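Comments concern the structure below.
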Protein chains: 2
Amino acid sequence: MPTTKLKFKSAASEKRNRQDYFNIAVSVDCVILGYENKELKVLLIESDLEEFNGLHSLLGDLVDPHEDLDAASYRVLKDRTGLDDVYLEQVQSFGNIQRHPSGRVVTTAYYSLVDIRNHRLQLSHKAVSWHTVSEIQKLAFDHKEILDTCLKRLREQVMERPIIFNLLPPKFSLRELQEVYEAILGVGLDRRNFRKKIMLKDWMTDLKEMETDVPHRPGRLYKVGAR
Amino acid sequence: MPTTKLKFKSAASEKRNRQDYFNIAVSVDCVILGYENKELKVLLIESDLEEFNGLHSLLGDLVDPHEDLDAASYRVLKDRTGLDDVYLEQVQSFGNIQRHPSGRVVTTAYYSLVDIRNHRLQLSHKAVSWHTVSEIQKLAFDHKEILDTCLKRLREQVMERPIIFNLLPPKFSLRELQEVYEAILGVGLDRRNFRKKIMLKDWMTDLKEMETDVPHRPGRLYKVGAR
DNA sequence: AAGTAATATGTATCTGAAACACATTAAATA
DNA sequence: TATTTAATGTGTTTCAGATACATATTACTT
């Protein structure tokens, strides 16, 4: 705990005392995304606030004064999913006065991509469950806006950086990969053009293995990573 | 001031009481950018903390519990420059434990583009001044990292959205516009290709006027906005 | 053995980006 | 007044990436 006074010299800070400035709580909210049955899913919890009775909300928590902001989002993810080696990226902060009915809370949103079929994934609580992103109409707090903002950022980044593989199992076919892209981008893609484009990026390695248990001609399997 | 208890149910929040969670201060920091003499400039203030003696820092302030996060950044900008109709965009939040030597402060960074030659622009304080971005080596706090992050975002957006015009006076030539792009992107651009590309965007209107007071053939003047 | 459904691959076309050259204009200079 | 200078203003060619599109192949199913 700091004992030194914070020094800020604006008009606003001069007319208020130090205690006032610790009347804002800081939280993180995680948009934890998964992919299953050709649909993008997000992990939600039933809101426990009366104001939001029946609505779901993102997974979040207040930030401990002794932990880094990023660390708080990793903690939420670890607590809720059991996973600690996942992709997590800060998107934006939301700080309207009235966004939390119980008090002033400024939250920072992160999005994360996890493999739903990963056997280490264990949900922390019965009230936590996967929801199809495209079917979500309304969420508690400003969480629908946060979700939409994170999805927009994800769509912008998904062709720029090799992050999508976090949604897939270690071995995957090009068909599966394309279906994930289609679920995220919300458009159909030409298979031949998709393959050329994705192959040029050098994000995957051919495992020289074939799919099994598919009711049709099996495709090649790939793993993430060059070489 | 909320009287209801904040309800959060994680392991971390259960083992701490409410007061602990108001021990994080929230601030905003503004990367206020201008353009002059073919160089990108940023508005800095001399740090008043002993730890950062001699170093400059970005313009920021603590957020008032009764103001929106975005409103706080507008207030900082208004207080420091006198301008209230400027482009301002949130970039990212920075929340490492030790980023502020006097206590725990989570800050949200914004960048802003202003016309240095705007006559309404008035700096609030003698210690506030413009610095050439490319010459900045070190800043107080983590402000160098914040600056770099904002510049990166600016470079990503400058060809996507018509924001660069905020750096220019109401009437400008294509040469001036290109020079601003070159200053931001840090590269030289081909004049003919630049013109074609920028014209296709429909961001500007031909004023049917010519430059005056230039020691060479005068160029056409444009203003921002289609039609 | 035939049918089905998916994999695998190649080519022609279009669009935007990049490279590049010359005529024009106004001011400065001789 | 003619010449020089330095910038404006425009067009074409080339290249790369994106898009549109068709046929042969393979494994399973019937």
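In what follows, every chain begins at residue 1, and chains take the letters A, B, ... in the order their sequences are listed. The model shown is predicted, which means the values in this text are computed figures rather than measured ones.
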Pair B:F172 and B:F165, ring centroids less than 6.0 Å apart: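 Yes, ring centres under 6.0 Å apart.
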Whole angstrom value for the distance that separates [atom2] of [N] from [atom1] of [X]:
X      : N      : atom1 : atom2 : value
A:E176 : C:dA6  : CD    : P     : 14 Å
A:E211 : D:dC28 : CD    : P     : 12 Å
B:D206 : D:dT8  : CG    : P     : 15 Å
B:M199 : D:dT8  : CE    : P     : 13 Å
A:F194 : C:dA8  : CZ    : C1'   : 15 Å
B:L185 : C:dA17 : CG    : P     : 14 Å
A:D213 : C:dA6  : CG    : C1'   : 16 Å
A:K197 : D:dA16 : NZ    : P     : 18 Å

Sub-4.5 Å side-chain heavy-atom contact between B:R104 and B:R99: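 In short, these two side chains do not touch, never coming nearer than 4.5 Å.
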Check: B:V86 and B:N166 side chains under 4.5 Å, non-hydrogen atoms: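 The answer is no; the side chains never approach within 4.5 Å.
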Distance below 4.0 Å between B:R175 side-chain N/O and D:dA7 OP1 or OP2: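 For D:dA7, OP1/OP2 do not have a side-chain N/O of B:R175 under 4.0 Å.
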Electrostatic pair B:R75-B:D68, nearest N-O below 4.0 angstrom: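 No, B:R75 and B:D68 are not salt-bridged.
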Salt bridge present between B:D148 and B:K144 (N-O < 4.0 angstrom):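 Salt bridge: yes.
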Base versus backbone protein contacts along nucleotides 19-29 of chain C [heavy-atom cut-off under 4.0 Å; B, S, -]: BBB--BBS---
Exercise: do B:S47 and B:S57 side chains pair donor with acceptor under 3.5 Å: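 No, no side-chain donor-acceptor contact under 3.5 Å.
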